Number of protein chains: 2
Amino acid sequence: MADDRFLEHCLFFTANRLGRIITKIAEEEFAETGLTPMYGYLIRLAIGKPGISQKELAEKLSIASSTLTRFVDKLEAKKLVKRRVSGKTVQVFPTEKAIAMEEALLRASHNLHARLDAILGKETTAAITEAVLKTSKRLEQN
Amino acid sequence: MADDRFLEHCLFFTANRLGRIITKIAEEEFAETGLTPMYGYLIRLAIGKPGISQKELAEKLSIASSTLTRFVDKLEAKKLVKRRVSGKTVQVFPTEKAIAMEEALLRASHNLHARLDAILGKETTAAITEAVLKTSKRLEQN
DNA sequence: ATTCATTAGTTGTACATACAAAATAAAAAG
DNA sequence: CTTTTTATTTTGTATGTACAACTAATGAAT
């Protein structure tokens with residue numbers, strides 16, 4: 001009796017499994033930027049809104065503020081962002097070096113999407129992404 | 001121009017976001033067992049097939065073998081599994097203590113599912129779980 | 001204006017996870 | 001039956017992530 005189908009029926013398990021698999025793919029596509037996808041996205045947010053607060057970054061990226069602090073630490077060490085303290089908030093600005101990377105970051109995102117579309121089909125990719133997003137939003141409010 | 005919708009259209013991002021959110025919920029439901037869900041599932045697999053090899057456990061749980069080694073280390077330290085070396089493979093057996101926990105583990109799984117069903121609806125939960133599983137399987141083969 | 005409560009950020013610590021390299025054992029090839 | 005190859009596990013190291021406790025700054029209430 002090896003009834004192990006319970007794993008495949010558990011959303012906790014399947015969601016994290018998908019996360020692990022897709023993270024590997026995303027990291028491959030972002031490898032040429034020298035950053036992992038989350039760092040790339042942080043930079044894109046900082047370019048889109050220079051001076052964005054760390055609080056807002058953490059919310060947009062859906063990570064804990066302590067995690068964000070560490071991400072910004074690393075990007076600052078790489079001279080990709082600069083902090084400016086403004087009262088009790090910290091504003092994050094992209095450096096010239098980061099702005100120069102924007103093209104590469106957009107390309108990596110594009111390649112990632114193209115790769116997923118090629119495997120899953122454009123429709124399916126959009127549908128599953130939407131479904132996953134909606135699910136996470138509903139779970140968040142509980 | 002703060003065009004940050006790109007995050008919500010990225011499956012890498014949404015899948016990991018869902019993973020983080022649902023992990024928190026799952027850990028709450030498993031708290032009474034004193035284990036996190038992945039450890040609970042490992043034990044269930046060992047109970048379902050006493051003597052299961054670490055390789056098979058890693059495959060079933062979709063984690064790297066190095067990760068599995070560490071999980072088994074921890075469960076062995078808690079006297080919940082025992083290792084038996086058998087040639088180049090290691091067999092994993094549940095202890096009496098683990099077997100005595102089975103009920104509680106099943107209950108935690110059940111409570112987790114019930115909670116998800118209550119938030120998302122039974123149909124939706126099943127559908128998203130199935131879709132996520134299928135997606136991860138297709139991505140795995142590439 | 002002083003005290004109190006709230007908010008933003010940082011730091012210490014811990015855990016899950018992975019990769020690459022090393023160790024070990026079995027199996028295959030000569 | 002020795003050598004080489006392959007398979008399984010472990011270990012060293014690194015990263016992502018979180019929580020709890022702490023610091024610092026703002027805002028509110030007396």
Side-chain angles (χ1 to χ4, degrees), chain A residues 12-13 15-28 30-31 33-42 51-78 81-93 136 140, chain B residues 12-13 15-28 30-31 34-42 51-78 81-92 136 140:
Chain A
F12 154 76
F13 178 75
N16 280 296
R17 180 176 192 272
L18 175 60
R20 289 192 291 274
I21 292 168
I22 204 170
T23 294
K24 208 143 87 176
I25 295 175
E27 285 175 352
E28 283 170 24
F30 273 74
T33 68
L35 296 173
T36 50
M38 284 294 273
Y39 287 95
Y41 288 169
L42 195 167
I52 186 172
S53 72
Q54 291 195 177
K55 177 177 171 48
E56 192 175 351
L57 281 171
E59 274 164 6
K60 293 249 161 70
L61 294 172
S62 281
I63 55 179
S65 57
S66 56
T67 304
L68 192 96
T69 291
R70 270 144 197 163
F71 280 15
V72 175
D73 287 348
K74 290 221 177 130
L75 288 177
E76 207 174 30
K78 290 188 181 186
V81 301
K82 270 215 289 258
R83 281 179 161 109
R84 178 154 74 197
V85 177
S86 163
K88 67 183 169 189
T89 80
V90 175
Q91 293 184 287
V92 177
F93 294 89
S136 66
E140 213 174 25
Chain B
F12 154 77
F13 178 75
N16 280 296
R17 181 175 190 275
L18 175 60
R20 289 191 292 274
I21 293 169
I22 203 170
T23 294
K24 209 143 87 177
I25 296 174
E27 284 174 351
E28 284 170 23
F30 272 74
L35 296 173
T36 50
M38 284 294 272
Y39 287 94
Y41 288 171
L42 195 166
I52 186 172
S53 74
Q54 292 195 176
K55 178 177 171 48
E56 191 175 352
L57 281 170
E59 275 164 6
K60 292 249 161 69
L61 294 172
S62 281
I63 56 179
S65 56
S66 56
T67 304
L68 192 96
T69 290
R70 271 144 196 163
F71 281 14
V72 174
D73 287 348
K74 293 223 176 128
L75 288 177
E76 208 176 28
K78 291 188 181 186
V81 301
K82 269 214 290 260
R83 283 180 161 107
R84 178 154 74 198
V85 178
S86 163
K88 64 186 169 189
T89 81
V90 174
Q91 293 183 286
V92 177
S136 65
E140 213 174 25

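Labels below follow one simple rule: chain letters A, B, ... track the order of the sequence lines, proteins then strands, and each chain is numbered from 1. Quantities reported herein were computed from a predicted structural model and do not represent experimental measurements. These numbers come from the heavy atoms of this one structure, side chains and all, not from hydrogens, waters or symmetry mates.
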| query | Would you say Thr69(B) and Val90(B) make side-chain contact, with heavy atoms under 4.5 Å? | reply | no
Atom CG of Leu57(B) and atom C1' of dT10(D) are separated, to the nearest Å, by 16 Å
From NZ of Lys24(A) across to P of dT17(C) the rounded distance in Å is 14 Å
In whole angstroms, the gap separating C1' of dG9(C) from CD of Glu59(A) amounts to 14 Å
Arg20(B) CZ to dT17(D) P, in whole Å, measures 5 Å
In this structure, is the centre-to-centre distance between the rings of Phe30(A) and Tyr41(A) below 6.0 Å? yes
Of Met38(A) and Val85(A), the one whose nearest nucleotide on DNA chain D sits closer to the 5' end is Met38(A)
Expected output: side-chain Arg17(A) to main-chain Ser62(B) donor-acceptor under 3.5 Å = no
- Query: Counting any heavy atom closer than 4.0 Å, what does Thr23(A) reach on the DNA or RNA strands: base, sugar-phosphate only, or nothing?
  - Reply: nothing
Whole-Å distance, Arg83(A) CZ to dA8(C) P, equals 16 Å
To the nearest angstrom, the CD-C1' distance between Glu56(A) and dT7(C) comes to 15 Å
The residue, Leu68(A) or Ser62(B), whose nearest nucleotide of DNA chain C is more 5′ is Leu68(A)
Result for 5'-nearest mapping on DNA chain C, choosing between Lys88(B) and Gln91(A), is Gln91(A)
Applying side chain to side chain donor-acceptor pair (under 3.5 Å) to Arg70(B) and not counting sequence neighbours gives none
The nucleotide from dA16(C), dT15(D), dT10(C) with an atom nearest the side chain of Phe71(B) is dA16(C)
Judged by nearest nucleotide, the residue sitting upstream toward the 5' end of DNA chain D, Glu27(A) or Ser86(A), is Glu27(A)
Quick note, Ala64(A) side chain, CB onward, closest among dT11(D), dA18(D), dT17(C) is dA18(D)
Of all heavy-atom pairs linking Tyr39(A) and Thr36(A), the shortest is CD1-OG1, 2.9 Å
Atom NZ of Lys55(A) and atom P of dA25(D) are separated, to the nearest Å, by 19 Å
_Please confirm whether the shortest side-chain N or O distance from Arg70(B) to OP1 or OP2 of dT10(D) is below 4.0 Å._
no
Please work out if Thr89(A) contacts a base, only the sugar-phosphate, or nothing of the nucleic acid, heavy-atom cut-off 4.0 Å.
-> sugar-phosphate
